[in-house]
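Below you'll find the structure, written out as structure tokens, and then a few comments.
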Number of protein chains: 2
Amino acid sequence: MRRGRSDRTTLFDVAKKAGVSPITVSRVLREPGKVSPELRGRILELIEVMGYVPDQAARALASKHNSTFGVLISAMTNPAFISFMRGIEERVRDTDFRVQYANTHYCVEEEKRQVRLLLSQNTAGIILAGMEGLEQVAELLKQATCPVVQVVDVNLESVGASVSIDHTEAAATATEYLLKCGYRRIAFFGGTSDERGRRRSLGYSRVMKKAGLFQESLIYSENNISAPAGVHLLHAALQEHPDLDAVLCQIDELALGVLFEAQRIGKRVPEDFGICGYNDLQFAAITQPPLTTIRVPLFEMGYRAADLVIRDACGQTKTRSVVNMGFELIARGTTRPPRAVE
Amino acid sequence: MRRGRSDRTTLFDVAKKAGVSPITVSRVLREPGKVSPELRGRILELIEVMGYVPDQAARALASKHNSTFGVLISAMTNPAFISFMRGIEERVRDTDFRVQYANTHYCVEEEKRQVRLLLSQNTAGIILAGMEGLEQVAELLKQATCPVVQVVDVNLESVGASVSIDHTEAAATATEYLLKCGYRRIAFFGGTSDERGRRRSLGYSRVMKKAGLFQESLIYSENNISAPAGVHLLHAALQEHPDLDAVLCQIDELALGVLFEAQRIGKRVPEDFGICGYNDLQFAAITQPPLTTIRVPLFEMGYRAADLVIRDACGQTKTRSVVNMGFELIARGTTRPPRAVE
DNA sequence: CTGTTAGCGCGTTCAC
DNA sequence: GTGAACGCGCTAACAG
């Protein structure tokens with residue numbers, strides 16, 4: 001390990017030079033109003049000149065609070081999280097708070113480890129956007145005295161506050177829509193490692209069962225959710241179900257792969273084959289034909305989650321708010337127009 | 001601000017309960033070999049039972065070093081950075097180091113602010129993957145005593161070590177390839193805010209000039225690099241240059257938009273129209289036709305950058321290594337086969 | 001508005 | 001192999 005500069009300027013150095021006590025310098029930085037303007041001006045100048053930077057560790061230790069909060073994400077590689085992150089950043093901007101992201105790689109152990117680390121840093125708050133080991137992590141989280149916000153399915157219990165989507169309902173809506181468009185042999189393409197995905201698959205199954213069209217073998221999943229996975233899954237699905245006429249994808253990227261593969265093998269979309277995605281990622285609007293999908297307010301969710309943490313950290317609000325963000329079906333060109341009456 | 005639990009278990013509490021001195025407990029955690037096995041076992045158990053978690057702030061303050069390093073990224077929304085991040089994570093995994101990401105939003109001020117914050121936290125190291133305000137930030141970075149690794153174009157000077165790609169050369173290679181394929185009116189689509197993009201545009205211009213085909217108006221750029229931007233840029237470009245027969249895109253997502261738009265307006269790819277991307281993102285292999293692109297070892301770059309930071313932080317290597325990672329042209333279906341001889 | 005006293009929780013140094 | 005004393009740099013609580 002490398003040492004920091006041992007000659008780094010400290011609060012004490014500045015105070016000595018200014019001929020005041022350290023606490024005055026400290027106050028100039030934290031409660032400027034409590035220091036007389038002249039003194040403040042002089043000290044501020046000295047701080048600048050001497051290149052003083054407060055030591056966060058010392059600050060955190062002395063004051064027992066920390067201005068950075070952690071965001072645990074199960075996969076940063078998921079483009080859906082990117083909008084979410086941007087929402088967080090937007091809320092944090094112009095705030096003294098800082099965000100620390102950590103990737104849990106869909107791994108419960110890693111999730112627990114990260115939570116412990118955050119706790120050990122006396123973190124200002126935690127946003128949990130992965131929910132793999134919810135039960136196990138919940139145990140840890142209960143001990144936390146800092147605000148905890150989970151981003152989950154609306155039906156799952158959460159330890160603290162939550163900002164969520166009813167994924168089950170969203171997938172149900174999409175499935176119903178596909179049925180209304182007249183598709184019958186509808187597959188579900190998802191991932192194995194994501195709880196949200198399992199929720200969505202639930203909504204799909206419910207509607208398909210109600211329509212008497214459910215078949216276990218219509219549910220496909222792959223570990224690595226990506227456009228290439230969409231290609232493979234469609235290929236596999238068509239082998240088993242040559243009469244497949246639509247796919248509901250757990251995420252737009254899968255749908256992108258499905259769309260290209262359908263094109264390659266000469267399926268006409270949407271006439272012979274319907275595709276519905278999830279998330280309404282940027283590219284969804286410009287595929288050919290444009291992708292029908294479920295829009296989820298990812299940016300806003302990030303913003304709200306950060307908002308809850310920040311406001312709670314400042315003691316302005318309760319910790320247990322539950323926010324349901326809603327969703328929207330965006331009907332575009334990869335599905336036929338719905339039929340007037342069933 | 002909210003207070004941490006004042007009743008949090010400390011090293012001292014554990015020591016008291018174990019009937020030993022605090023330092024022994026501390027050693028169990030950091031230098032287990034120096035404590036007798038029985039004592040160690042007993043203490044480890046107590047730590048578990050009492051739920052003791054070390055306070056990082058106290059640790060950092062006392063030891064003067066910090067096990068988390070910062071990664072400054074100009075835009076986490078750029079999918080190219082995601083592989084880069086994964087590379088970093090991979091190197092860090094099973095290490096005591098932690099990573100803290102910060103988004104600089106292509107903003108010099110923000111970049112400076114973040115660097116200052118990292119410095120004030122006595123960070124273990126800094127990876128700078130945005131390079132907007134290089135000159136201004138360099139000033140700050142020179143004062144750093146921690147390892148600094150920049151991820152930049154190979155021709156740019158860096159303050160510390162660097163892991164880089166010769167973006168100019170890469171774009172030149174791609175442009176030459178398009179020429180070899182017989183395309184003549186080749187546009188360049190890029191972004192305005194990214195230095196890497198400017199580098200690539202340089203390589204494009206150089207080759208086009210040499211071929212006597214350069215025209216300023218063939219260079220297009222948009223702030224927000226995305227698939228929709230690709231659609232708009234192609235639309236705009238074809239208005240001004242109806243005879244356009246190829247596009248070199250600064251990033252695959254633009255190319256995706258271009259591909260779909262070309263499809264929509266009935267251009268035959270690659271016969272009448274060539275497209276080349278950059279980065280070889282996951283979907284590049286499965287578009288229809290598959291995307292010709294420049295592959296850049298993003299994952300490896302992240303891995304190497306983290307490796308440099310970690311090894312330097314551990315005092316094992318020099319700070320000024322310059323690593324050139326190379327690139328590779330992946331010829332796929334969005335370009336015609338190259339002609340034997342010009 | 002300014003200063004004094006005390007101590008945050010841990011690691012370093014040097015003893016035993 | 002184990003411990004005592006001290007201090008990291010800063011802020012809380014109380015004086016004045």
Side-chain angles (χ1 to χ4, degrees), chain A residues 1-44 47 50-67 96 117 119-123 145, chain B residues 1-44 47 50-67 96 119-123:
Chain A
M1 299 288 176
R2 140 188 297 266
R3 301 189 57 99
R5 306 170 64 174
S6 50
D7 57 343
R8 190 169 137 176
T9 312
T10 73
L11 197 63
F12 190 80
D13 298 334
V14 179
K16 205 163 59 180
K17 197 117 183 175
V20 298
S21 90
I23 190 66
T24 305
V25 179
S26 174
R27 277 202 266 258
V28 166
L29 259 20
R30 295 175 303 114
E31 309 161 295
K34 294 193 174 175
V35 178
S36 71
E38 315 95 271
L39 227 190
R40 184 175 42 195
R42 208 153 54 81
I43 293 178
L44 242 21
I47 286 177
M50 301 175 67
Y52 166 70
V53 230
D55 181 314
Q56 298 293 334
R59 208 171 239 197
L61 181 57
S63 71
K64 315 289 282 161
H65 56 86
N66 190 165
S67 60
D96 281 332
L117 272 163
L119 259 26
S120 84
Q121 286 174 190
N122 230 304
T123 184
T145 51
Chain B
M1 297 288 176
R2 140 188 297 266
R3 299 192 55 101
R5 306 173 63 174
S6 49
D7 58 343
R8 187 168 138 176
T9 311
T10 71
L11 198 63
F12 190 79
D13 298 335
V14 179
K16 206 163 57 179
K17 197 117 183 175
V20 299
S21 90
I23 188 62
T24 305
V25 180
S26 174
R27 280 202 265 258
V28 167
L29 260 20
R30 296 174 303 114
E31 307 159 296
K34 293 194 174 175
V35 178
S36 70
E38 316 95 271
L39 227 189
R40 184 173 43 193
R42 208 154 53 80
I43 292 178
L44 242 21
I47 286 177
M50 301 176 68
Y52 165 70
V53 232
D55 182 314
Q56 298 294 333
R59 206 170 242 198
L61 182 56
S63 72
K64 313 291 281 164
H65 58 80
N66 190 166
S67 59
D96 281 331
L119 259 26
S120 86
Q121 285 174 191
N122 230 304
T123 183

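Computation of the quantities below employed the complete heavy-atom set of this structure, encompassing side-chain atoms and omitting hydrogens, waters and symmetry-equivalent molecules.
An OP1 or OP2 oxygen of C:dT12 is reached within less than 4.0 angstrom by no side-chain nitrogen or oxygen of B:K64. Distances shorter than 4.0 Å separate none of the side-chain N or O atoms of A:S63 from OP1 or OP2 on C:dC8. A close approach under 4.0 Å does not occur between any side-chain nitrogen or oxygen of B:S36 and OP1 or OP2 of D:dG1. In this structure, A:R59 does not reach the D:dC10 phosphate: none of its side-chain N or O atoms is under 4.0 Å from OP1 or OP2. One finds no side-chain N or O of A:R30 lying less than 4.0 angstrom from the OP1 or OP2 phosphate oxygen of D:dC10.
The distance from atom NE2 of A:H65 to atom P of D:dG9 is 20 Å, rounded to the nearest whole Å. Computed from coordinates, the A:E38 CD to C:dT2 P distance equals 8 Å when rounded to whole Å.
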Are any protein N/O atoms closer than 3.5 Å to N/O atoms in nucleotides 3-5 of chain C? If there are, list each pair with its distance.
residue : atom : partner : partner atom : Å
C:dG3   : OP2  : A:S21   : N            : 3.3
C:dG3   : OP2  : A:T24   : OG1          : 2.6
C:dG3   : N7   : A:R27   : NH2          : 2.8
C:dG3   : O6   : A:R27   : NH2          : 3.3

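With B:R40 contributing its side chain and B:P32 its backbone, the two residues share a donor-acceptor pair below 3.5 Å.
Residues A:T9 and A:V14 have side chains in contact (heavy-atom distance under 4.5 Å, counting atoms from C-beta outward).
B:L61 comes within 4.0 angstrom of a nucleotide base, judged by non-hydrogen atoms across all strands.
In this structure, of D:dC10, C:dC10, C:dG11, it is D:dC10 that holds the atom nearest to the side chain of A:T10.
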